[in-house]
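As structure tokens, the structure follows; a few thoughts come after it.
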Amino acid sequence: MLITLIIVVALALIFDFINGFHDTANAIATSISTKALSPRFAIMYAAILNFVGALYSSEVAKTVGGSVANPATIENGIYIVIAALIAAIFWNLLTWYYGIPSSSSHTLIGSLAGAVIAGAGVGALNWSGFREIIMILILSPIVAFASGFVIMWILKRIILASGNQSRTKMNRTFRSFQVLSAGLLSFSHGGNDAQKAMGIIVFALVTLNVQDTLDVPLWVKLSAATAMGLGTSIGGWKIIKTMSRKLLKIEPINGFASDLNSSIIIQVSTHMGMPLSTTQVISSSIIGTGSVLRFHDVKWATVTRMVMTWFITIPISMVIAFIIYKIISLFVI
């Protein structure tokens with residue numbers, strides 16, 4: 001049992017590490033693009049605040065650990081977790097290689113659901129909890145786009161009403177604001193994303209009867225926070241390039257608005273204990289704020305490719321996890 005648990009924890013921390021460099025772009029792409037922060041400082045800044053944010057709460061971890069399936073009653077639960085983590089790691093690395101900002105949340109939830117179906121049958125899946133998570137994942141980017149559009153529209157109206165026509169001065173002011181907004185977003189990102197790996201580890205602990213509640217032990221929090229912080233410090237340069245250059249030209253004002261809008265949505269979701277896709281939220285915020293300034297400059301071909309990836313991630317992850325579980329079962333079950 002101990003060896004199996006070590007394997008699960010190692011895989012979960014590898015997933016969290018990859019999530020860190022895969023999603024680094026989420027928090028710092030706008031500030032790098034506008035030169036508010038240097039790339040090296042931005043990555044270390046994000047890494048530290050990702051670590052701090054990961055220790056902030058555990059409600060999302062409880063949702064991930066118990067809403068997709070009941071770890072206390074599920075059959076072959078530990079192998080289900082192993083299959084889910086391998087599938088999620090594979091998809092994250094594949095999309096990172098091609099520079100596509102896919103959702104680590106989508107792949108983890110989809111992989112867990114696919115592995116549960118493979119190992120314990122369709123009836124073992126908690127459909128109400130699964131649907132609730134999926135609804136949040138679907139609605140959050142729509143809300144992020146709309147609220148980002150509104151925030152940027154209000155900022156634009158305020159600036160026009162103030163009569164401040166100095167673009168240089170305005171850019172300098174909002175670059176300063178971006179230092180704060182990038183930090184807040186990094187903290188928020190860690191607070192939601194790191195908890196997903198924590199939830200998977202707790203799922204395994206309950207399955208192995210190490211504990212009988214979904215509470216997150218301190219060692220799990222520290223391990224997941226450290227893995228995400230280290231991953232963030234590596235930097236996902238391919239995805240940073242997509243987020244900062246290939247969506248649209250980001251200016252300090254909409255960079256600040258995007259970061260602020262994303263932080264609010266992620267913090268609200270974390271407070272509710274709901275995992276969302278920080279990738280989707282931040283990308284949608286960038287598109288929403290950018291549409292107010294230069295709608296026709298948004299590179300909609302890139303947006304379309306990104307959205308297509310969002311839609312296919314959950315079903316593909318389910319299939320990959322299903323297959324991986326069946327392969328594992330041939331050798332160990």
Side-chain angles (χ1 to χ4, degrees), residues 4 7-16 18-19 22 60-98 100 102-138 193 195-208 214 274-277 279-280 307-333:
T4 307
I7 291 171
V8 169
V9 172
L11 286 171
L13 296 182
I14 290 170
F15 170 82
D16 224 14
I18 293 170
N19 190 7
H22 189 278
V60 172
K62 292 178 181 179
T63 299
V64 173
S67 289
V68 176
N70 185 347
T73 59
I74 198 167
E75 187 178 355
N76 299 321
I78 196 66
Y79 300 112
I80 286 171
V81 172
I82 291 173
L85 286 169
I86 292 173
I89 289 169
F90 170 79
W91 184 251
N92 265 357
L93 287 175
L94 184 67
T95 52
W96 165 79
Y97 180 79
Y98 287 103
I100 302 171
S102 70
S103 168
S104 298
S105 304
H106 280 208
T107 190
L108 186 60
I109 297 301
S111 296
L112 184 57
V116 167
I117 292 171
V122 176
L125 199 65
N126 179 6
W127 288 103
S128 62
F130 184 60
R131 280 196 302 268
E132 186 178 3
I133 292 173
I134 297 301
M135 285 301 297
I136 293 293
L137 291 174
I138 292 172
D193 266 27
Q195 289 192 52
K196 294 155 193 170
M198 295 180 199
I200 290 294
I201 294 175
V202 168
F203 189 106
L205 292 174
V206 174
T207 294
L208 292 173
L214 295 175
M274 294 306 299
L276 49 63
S277 169
T279 302
Q280 286 187 350
V307 172
M308 288 286 292
T309 305
W310 294 348
F311 274 108
I312 66 174
T313 291
I314 289 179
I316 285 182
S317 298
M318 290 178 72
V319 171
I320 294 172
F322 188 97
I323 293 171
I324 290 174
Y325 178 86
K326 291 302 182 183
I327 293 172
I328 290 174
S329 68
L330 294 175
F331 296 97
V332 297
I333 299 177

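The shown structure was predicted, so the numbers you read here are calculated from the model rather than taken from an experiment.
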Sequence neighbours excluded, every pair satisfying side chain to side chain donor-acceptor pair (under 3.5 Å) that has a member inside residues 324-333: N76-Y325
Criterion side chain to side chain contact (heavy atoms under 4.5 Å, CB included) on I328 and I324, from CA distance to verdict: CA-CA 6 Å; I328 290 174; I324 290 174; 3.9 Å; yes
CZ on F203 to CG on L112, rounded to 0.5 Å: 5.5 Å
Short side-chain to backbone donor-acceptor contact, K196 and D16, under 3.5 Å: no
T309 vs T313 side-chain heavy atoms within contact, under 4.5 Å: yes
Distance in Å, T95 OG1 paired with L93 CG, rounded so as to fall on 0.5 Å steps: 8.0 Å
Residues I82, T4; criterion side chain to side chain contact (heavy atoms under 4.5 Å, CB included); working and verdict: CA-CA 9 Å; I82 291 173; T4 307; 4.2 Å; yes
Step-by-step side chain to side chain contact (heavy atoms under 4.5 Å, CB included) determination, S111 to L85: CA-CA 7 Å; S111 296; L85 286 169; over 6 Å; no
Between CD1 on residue I18 and CG on residue L13, distance to nearest 0.5 Å: 11.0 Å
Pairs meeting criterion salt bridge (charged side-chain N to carboxylate O under 4.0 Å, His left out) with involvement of residues 72-83, two or more places apart: none
Straight-line distance of T207 OG1 to I80 CD1, nearest 0.5 Å: 7.5 Å
Test log, rule side chain to side chain contact (heavy atoms under 4.5 Å, CB included), inputs W91 and L94: CA-CA 5 Å; W91 184 251; L94 184 67; 3.8 Å; yes
Nearest-0.5 Å distance, CG of residue L108 to CD1 of residue I200: 4.5 Å
Whether H106 side chain and W310 backbone form a donor-acceptor pair below 3.5 Å: yes
Passing option when I314 is tested against L137, I138, I109 for side chain to side chain contact (heavy atoms under 4.5 Å, CB included): L137
For the student: nearest non-hydrogen atoms of A124 and A69, plus distance: O-CB, 3.6 Å
Results of side-chain hydrogen bond (donor to acceptor under 3.5 Å, both in side chains) for N70 - residues two or more places apart only: none
Results of side-chain contact (heavy atoms from CB on, under 4.5 Å) for T63 - residues two or more places apart only: S67, I133, M274, P275
Under the side-chain hydrogen bond (donor to acceptor under 3.5 Å, both in side chains) test, residues paired with T107 that sit two or more places apart: S317
Greater than 12 external heavy atoms within 6.0 Å of F130's CZ: yes
Considering all heavy atoms, the nearest M198-A61 contact: CB-CB, 3.8 Å
Contacts of type side-chain hydrogen bond (donor to acceptor under 3.5 Å, both in side chains), residue N92, not counting sequence neighbours: S104
Under 3.5 Å donor-acceptor, S277 side chain and S105 backbone: no
Non-hydrogen atoms of A321 and A84 that approach each other most closely: CB-CA, 4.4 Å
